[in-house]
Amino acid sequence: MEYALDRFVREAHAVVASANLVDEHLIELVTPKPNIPADLAFPTFRAAKEVGIAPPQLAQRIVEKAQIPAGSLIGSVVATGPFVNFSLSAPGLAAAVLDEVERLGERYGSDDQGTGKTIVIDYSSPNVAKTMHVGHIRSTIIGQSLYHIFNFLGYHVIGDNHLGDWGKQFGMNIAAIVRWGKPEGDDEDAIAALDKLYARYSALVKEDEALRAEAARWAKRLEQNDPEALAKREWIAELQARAAQPNHDDEARAWSLKLEQGDPLARELWQWMVDLTIKANQRNYDRLGVRFDYVLGESFYAPMLDALIEEAIEKGVAYRDEDGAVVVDELAPGLPTFLLQRSDSGTLYHTRDLACIVYREREFRPVKIIYVVDTRQELHFRQLFALARAMGYARDIELIHVKFGTIFDQQGRPLSTRAGNIVYLADLLDEAHARARAVVDQASPDLSDEEKEAIAEAVGIGAVIYNDLYQDPRRDIRLDWERMLAIEGNSAPYIQYMHARCCSILRKAAEEGVVARHGDATILTHPSETAVIKQLAKLPGAVREAGERYAPFVIAEWCYETARALSAFYRDCSVLRAETPALRAARLRLVAATAQGLRNGLALLGIKAPERM
RNA sequence: GCGGGCGUAGCUCAGUGGAUAGAGCAGCGGUCUUCUAAACCGUUGGUCGGGCGUUCGAGUCGCCCCGCCCGCGCCA
């Protein structure tokens, strides 16, 4: 699709080309820094070298030969040293952009580049039988935003919540339930109880590990004829005997195997946990505006695994070692080996993820599969992608791991039940809501309680979402409530507030019976007006860039810049008390368009835009 | 040891080969009888971790160091 700025770039390109001084392939246009009074620039350095004249001379000659066609969006072309600087025609841009926004409405900024193509996004993917905590928020929020962005770019997007509902962790859960009994209570309570059981069981596993490690240490000292060890011979033998007994880890692994093999009790407990978790998570998803097209957990792929393991062996990318484990050796230089099957015949997550790729390829024929997963799993995905390719799968699919950093507590420690520093997602959202509510109560006491609640929810949740989307997600982050729930400065509430101000103006205009529809946009030439219009014009490009970079923060940045531009306009240009009725009408169109643009941008982030705050 | 990531203002971060490196927070000083003060204005604050190189031009690309984080076959 060609938007106003696309046309501007095309026209500028044509102007340079038509001077017949430089080759097409040497024409690269760049966006100047904000302090340069231009909207597009052609740096002539490389072309000048090719042509054999000094850059400033070349720039000068291009400008001399430049012919701006009638109706062009180019307002002026000047040579500034070695640069050819193009400026937009403010009236022309205003007319074009407002027209586009009004014509496309909530589709303004969308594109058709993805038409007919499918993208699968794998996001959120919490573990079953665990309460969702802040650690799950990043994948959920980034994934949902990417869903909106690619959808807006015209792709058919499939969102899949790849639940962690299989594997040894369920062996642990089941073993714990068998040992200590099935928790009672409602969904959330039962899951909280399961969290505790799991922690209790892992502690035992850790103890076992310590025991085996100690036994091994003494065995080694014994081998080396260490005097102390020799003296404690009997005690060591007893220690080794204890360590050699099947322990909690073995028990868990056995239960996970039983689960895979369809043991009725294991299946029943597993199903109970899955249902429980899906129900409990739904409330978080509803609050965050997160929706999935599929919820296919790891268990879904279980029936495919045996055949795939055989296939991997037949194709020579894997082999069964002497213990019976199926091993995949270096698929590429420096890529560590990994397993597809345990020596006790249980499967592993690589196996299930491989099956998942095969399934998605067959069912959805996507052009991309995007995994929104913690950066710590980088190696896993490199191995997985290499394996899929080595087996001949996903030849025409781009496999993409969108990585993000880990959340640590304020002291920089990992979040863990043992450290007791877990922050649950629901608690975070509640706190965000409460803080926003306090501000609403103070700022807008006249609103109904119902309206205040809705605003507090939109603003509080918006703040949380924005906090995860406003920057490049690769860095690790420290849990900081003040920052996560920020409602000032570069934050969702600021953007929402500017949107609400637009709505307020439009509401008052409607009350006064002012009609905006036929306002002449070409009279919007005040610098603050032009700045807002230029921002609006940038949305389509921001959406494309966000897609190319898998980076919602590009949209967040656009929203913030737009809100700031609106703020300056709000300060400099009165709408309802504009100097003339024509100006008032034109500004009303601009305000309506800005509100629309902000709504669209926020929607791509998954953030609501209340009309009042 | 090998692999990945990060390092830009006191703090959190933009800056994807171009012109004088930008925001927010925090600090300091101002602005509500005027379309919502969740706002606005002014101001303080930088050896872009260090070095060498490539280039007309490097925060950005390459190499080498330094620091921090993460990962590396029977967990996910």
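We name chains A, B, ... by the order of the sequence lines, and we start the count at 1 in each one.
- Distance noted for atom C1' between B/G24 and B/C64: 36 Å (whole Å).
- Here A/Ala486 lies out of heavy-atom contact (under 4.0 Å) with every strand.
- Rounded to the nearest Å, the gap between the P atom of B/C32 and that of B/A37 is 12 Å.
- With its glycosidic angle more than 90° from 0, B/C65 is assigned anti.
- Rounded to whole Å, the distance from CG on A/Leu387 to P on B/G73 is 17 Å.
- Atom-to-atom, OH of A/Tyr497 to C1' of B/A39 comes out at 5 Å; the value is rounded to the nearest Å.
- Note on A/Lys49: a side-chain N or O is less than 4.0 Å away from OP1 or OP2 of B/C56.
- Under the 4.5 Å side-chain criterion, counting only non-hydrogen atoms from C-beta, A/Gln377 is not in contact with A/Lys403.
- The CZ-C1' distance, from A/Arg46 to B/G18, rounds to 10 Å in whole Å.
- Counting any heavy atom pair closer than 4.0 Å across all strands shown, A/Met498 reaches sugar-phosphate atoms only and no base atom.
- Between A/Arg564 and the phosphate of B/C40, there is no side-chain N or O to OP1/OP2 separation shorter than 4.0 Å.
- When heavy atoms are screened at a 4.0 angstrom cut-off, A/Val591 is found touching no nucleic acid atom at all.
- A heavy-atom distance below 4.5 Å is not found between the side chains of A/Arg413 and A/Phe408.
- Evaluation of atom-type donor-acceptor distances gives a pair under 3.5 Å for the side chain of A/Asn85 against the base of B/A19.
- Rounded to a whole Å, the CD1 atom of A/Ile36 is 8 Å from the C1' atom of B/U20.
- Among the protein residues, A/Val440 comes within range of the nucleic acid bases, having at least one heavy atom under 4.0 Å from a base atom.
- For B/C41, the OP1/OP2 oxygens have a side-chain nitrogen or oxygen of A/Arg571 closer than 4.0 Å.
- Partner of A/Arg382 under the side chain to side chain contact (heavy atoms under 4.5 Å, CB included) criterion, chosen from A/Leu335, A/Leu387, A/Leu331: A/Leu335.
- Using a cut-off of 4.0 Å between Lys/Arg side-chain N and Asp/Glu carboxylate O, A/Arg212 and A/Glu207 are scored as not salt-bridged.
- When the C1' atom is compared between B/G46 and B/A21, the two are found 9 Å apart, to the nearest whole Å.
- At the phosphate of B/A76, OP1 or OP2 sits under 4.0 Å from a side-chain N or O atom of A/Arg352.
- Checked against a 6.0 Å centroid threshold, the rings of A/Phe385 and A/Tyr371 count as neighbours.
- In this structure, the nucleotide among B/A38, B/A76, B/C56 sitting nearest to the side chain of A/Val439 is B/A38.
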Show, in sequence, the C-alpha distance, side-chain angles and deciding distance for A/His136 and A/Asn127, and conclude whether the side-chain hydrogen bond (donor to acceptor under 3.5 Å, both in side chains) test is met.
CA-CA 9 Å; A/His136 297 111; A/Asn127 288 328; 5.3 Å; no

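- Counting any heavy atom pair closer than 4.0 Å across all strands shown, A/Asp472 reaches sugar-phosphate atoms only and no base atom.
- Between A/Ser567 and the phosphate of B/C40, there is a side-chain N or O to OP1/OP2 separation shorter than 4.0 Å.
- Listed candidates were B/A76, B/G24, B/U36. Nearest to the side chain of A/Gln377 is B/A76.
- The side chain of A/Pro493 approaches B/A38 more closely than any other nucleotide in the set B/G15, B/A38, B/A76.
- Within a 6.0 Å sphere centred on CD of A/Gln442, heavy atoms belonging to other residues, nucleotides or ligands number 12 at most.
- Contact annotation for A/Leu348: backbone-only contact, meaning every heavy-atom pair under 4.0 Å involves sugar-phosphate atoms and none involves a base.
- For the pair A/Arg478 CZ and B/C11 C1', the computed distance is 12 Å after rounding to whole Å.
- Annotation: B/G42 and B/C6 have their C1' atoms spaced 35 Å apart (nearest Å).
- Among the heavy atoms of the strands lying under 4.0 Å from A/Glu298 are primed sugar atoms or P, OP1, OP2 only; no base atom is included.
- Listed nucleotides B/U36, B/C75, B/U34 differ in distance to A/Arg342; the shortest reach to its side chain belongs to B/C75.
- An anti base is found at B/G71: its glycosidic angle is more than 90° from 0.
- Nearest nucleotide to the A/Thr337 side chain, out of B/C69, B/A38, B/G73: B/G73.
- Atoms CD (A/Glu488) and P (B/A37) sit 14 Å apart, rounded to a whole Å.
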How would nucleotides 2-8 of chain B be written as a contact map, 5' to 3', with B for base contact, S for sugar-phosphate-only contact and - for no contact, using protein heavy atoms under 4.0 Å?
-SS-SSB

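- Neither OP1 nor OP2 of B/A76 sits under 4.0 Å from any side-chain N or O of A/Lys130.
- Distance check on atom C1': B/G3 versus B/U20 gives 41 Å, rounded to whole Å.
- Contact between the side-chain N/O atoms of A/Tyr494 and the OP1/OP2 oxygens of B/C40 is found at a separation under 4.0 Å.
- Residue A/Cys502 is classed as having no contact, given no heavy-atom separation below 4.0 Å to the nucleic acid.
- Here the P atom of nucleotide B/A76 and the CZ atom of A/Arg253 are 11 Å apart, to the nearest Å.
- Under the 4.5 Å side-chain criterion, counting only non-hydrogen atoms from C-beta, A/Glu330 is not in contact with A/Pro336.
- By the 6.0 Å contact criterion, NZ on A/Lys452 is enclosed, its count of non-hydrogen atoms from other residues, nucleotides or ligands being greater than 12.
- You'll find a donor-acceptor pair under 3.5 Å spanning the side chain of A/Ser343 and the base of B/C74, going by distance alone.
- Between B/A19, B/G24, B/C56, one nucleotide has an atom nearer to the side chain of A/Phe83 than all others, and that is B/A19.
- Aromatic ring centres of A/Phe83 and A/Phe45: separated by under 6.0 Å.
- Within 4.0 Å (heavy atoms only), A/Pro32 reaches at least one base atom of the nucleic acid.
- By the criterion of a centre-to-centre distance under 5.5 Å and near-parallel planes under 30°, the ring of A/Tyr560 forms no stack with the base of B/A23.
- In this structure, the CD atom of A/Gln471 is 10 Å from the P atom of B/U12, given to the nearest Å.
- Nucleic acid contact class of A/Ala568 (heavy atoms, under 4.0 Å, all strands): none.
- Aromatic ring centroids of A/Tyr560 and A/Tyr494 lie under 6.0 Å apart.
- Straight-line distance between the C1' atoms of B/U8 and B/G67: roughly 16 Å, to the nearest whole Å.
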